[in-house]
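Small disclaimer: the values here were computed from a predicted structure and weren't measured.
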Amino acid sequence: MADRKTIWIPRRLSDATLARARRDYEVILAEEDRPATHEEIVAMSARADGMIPCHSERFSAEVAARLDPRLKIVANHSVGVDHCDLPALRARGIVVTNTPDVLSDATAELAMMLMLGAARRAVEGDRLVRSGAWDFWSPAFMVGKQLTGSRLGIVGMGRVGRAFARKARGFDMEIHYFNRSRLGPEEEQGAIFHADLDSLLAVSDFLSLHCPATPETFRLMNAERIALMPKGAILVNTARGSLVDEAALRAAIESGRLAGAGLDVFETEPGGNPAFAAHEAIFMSPHVGSATVRTRDAMGFRALDNLDAFFAGRAPRDAL
Ligand code: DGY
């Protein structure tokens with residue numbers, strides 16, 4: 001059909017997403033499933049009307065300036081858009097969308113896993129049993145930290161933060177939060193609002209980060225802020241690696257200031273921080289917060305919904 005639009009998909013999206021995309025568009029699928037280079041993004045902008053990139057494809061101001069006028073929409077397969085220079089893309093008249101809502105539960109589930117794993121020393125316990133080195137038991141052995149009744153601080157009470165709070169309520173945690181604005185009572189569900197971050201940190205036996213990566217949140221958790229948390233607290237990050245000063249985190253683990261950390265995101269990705277490997281108190285996963293079958297399909301479908309709306313002349317639901 002003459003008016004079928006062409007879209008470029010640089011990463012391996014779910015089978016259901018690819019099937020729907022191929023049904024409705026001319027799809028150019030990258031041959032290899034790896035981050036696209038700047039040159040590839042620029043080259044593909046001359047061949048495609050729209051793109052479905054992931055957070056691994058970086059649309060810097062320099063890339064945005066070089067994009068071909070054929071490209072009209074960047075329909076991200078991610079909720080985070082820190083990989084996109086939004087003002088630069090807007091200046092080129094390119095619409096940018098993301099995939100909010102649909103990954104909140106999967107990400108909150110992973111944050112719960114990381115929090116539990118860090119609290120109950122999952123890395124150490126797994127290593128002991130798996131390696132055959134488990135030759136001792138005592139009431140003093142592998143003692144961890146209990147969630148029940150503990151105070152949980154949530155930084156960023158957006159969709160993921162609220163989904164995480166819902167799950168933490170099931171563990172009878174006392175929920176505190178810091179957010180740009182206070183939520184209404186319906187959304188707050190008894191959570192205690194802190195108008196400033198330092199006040200939240202002081203009561204956070206566990207702290208979980210759910211805010212976007214922006215220049216303002218860069219290394220939000222630095223040595224000074226970590227020092228405000230109760231001794232023996234646990235830090236969880238499923239948002240973006242840039243929110244945490246990794247040298248400060250490592251120092252806090254080594255000094256015992258923090259009892260542990262649960263991390264799905266790192267300053268350097270892929271790869272993570274090799275220095276963390278020496279610390280079994282740090283429970284880690286490789287940026288897989290939204291990696292469930294259901295959520296991957298939902299993210300792909302949400303990106304396609306945004307493309308469909310745009311090419312039908314309507315405002316995409318998730319236009320930024
Ligand atoms: C997101 O959607 O931002 C996740 O980090 C996966 O890209």
Steps toward salt bridge (Lys or Arg N to Asp or Glu O under 4.0 Å) verdict (Glu188, Arg182): CA-CA 8 Å; Glu188 217 170 46; Arg182 184 169 181 172; 2.8 Å; yes
message: The test is side chain to side chain donor-acceptor pair (under 3.5 Å); show your working for Asp297 and Ser14 and say whether it passes.
response: CA-CA 6 Å; Asp297 284 350; Ser14 77; 2.6 Å; yes
message: Run Asp305 and Arg20 through salt bridge (Lys or Arg N to Asp or Glu O under 4.0 Å) and show every step you take.
response: CA-CA 10 Å; Asp305 289 348; Arg20 177 175 149 185; 2.7 Å; yes
- prompt: Given the rule in the side-chain contact (heavy atoms from CB on, under 4.5 Å) test, do Ser78 and His83 qualify, once you have shown the distances and angles that lead to the verdict?
  reply: CA-CA 10 Å; Ser78 67; His83 58 288; 3.5 Å; yes
- request: Using the side-chain contact (heavy atoms from CB on, under 4.5 Å) rule, take Met221 and Leu249 through it: C-alpha gap first, then chi angles, then the decisive distance, then the call.
  value: CA-CA 8 Å; Met221 292 309 294; Leu249 172 60; over 6 Å; no
message: Is there a ring-ring contact (aromatic ring centres under 6.0 Å, His included) between His55 and His77? Walk through the geometry before answering.
response: CA-CA 7 Å; His55 74 266; His77 182 279; 9.6 Å; no
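With sequence neighbours left out, Phe193 forms a ring pair (Phe, Tyr, Trp, His ring centres under 6.0 Å) with Tyr177. Residues that satisfy the side chain to side chain donor-acceptor pair (under 3.5 Å) test with Asn98, not counting sequence neighbours, are absent from this structure.
A continuous path of hydrophobic side-chain contacts links Met157 to Val236 [ILVMFWY only; heavy atoms under 4.5 Å].
With respect to Glu187 and Arg166, no salt bridge is recorded, no charged nitrogen being found less than 4.0 Å from a carboxylate O. Between Arg4 and Glu26, at least one side-chain N (NZ, or NE/NH1/NH2) sits under 4.0 Å from a carboxylate O, which counts as a salt bridge. By the 4.0 Å N-to-carboxylate-O rule, Asp24 lies too far from Lys5 to be salt-bridged with it. Ion pairing of Arg92 with Asp68 is absent here, as no side-chain N (NZ or NE/NH1/NH2) approaches a carboxylate O to less than 4.0 Å. One finds no salt bridge joining Asp308 and Arg314 here, because no Lys/Arg side-chain nitrogen approaches an Asp/Glu carboxylate oxygen to under 4.0 Å.
Residues Arg159 and His210 fail the side-chain proximity criterion, which asks for heavy atoms closer than 4.5 Å. Within the 4.5 Å cutoff, no side-chain heavy atoms of Arg250 are placed close to those of Ile282. Side chains of Arg296 and Leu103 form no contact here, defined as non-hydrogen atoms less than 4.5 Å apart. At a threshold of 4.5 Å between non-hydrogen side-chain atoms, the residues Pro139 and Trp137 count as touching. Lys72 is not listed as a side-chain neighbour of Leu307, based on a closest heavy-atom distance of 4.5 Å or more. Within the 4.5 Å cutoff, the side chain of Leu152 has heavy atoms near those of the Phe164 side chain. The shortest side-chain heavy-atom distance between Val155 and Ser208 does not fall under the 4.5 Å cut-off. At least one side-chain heavy atom of Glu57 sits under 4.5 Å from a side-chain heavy atom of Pro35.
A donor-acceptor pair under 3.5 Å is absent between the side-chain atoms of Glu124 and the main chain of Arg121, judged by distance alone. Between the side chain of Thr217 and the main chain of Pro212, a donor-acceptor pair closer than 3.5 Å is present. With Thr17 contributing its side chain and Leu13 its backbone, the two residues share no donor-acceptor pair below 3.5 Å.
The aromatic rings of Trp134 and Phe141 lie parallel to each other, with less than 30° between the two planes, well short of the 60° mark.
To the nearest 0.5 Å, atoms CD (Glu280) and CG (Asp126) are separated by 9.5 Å.
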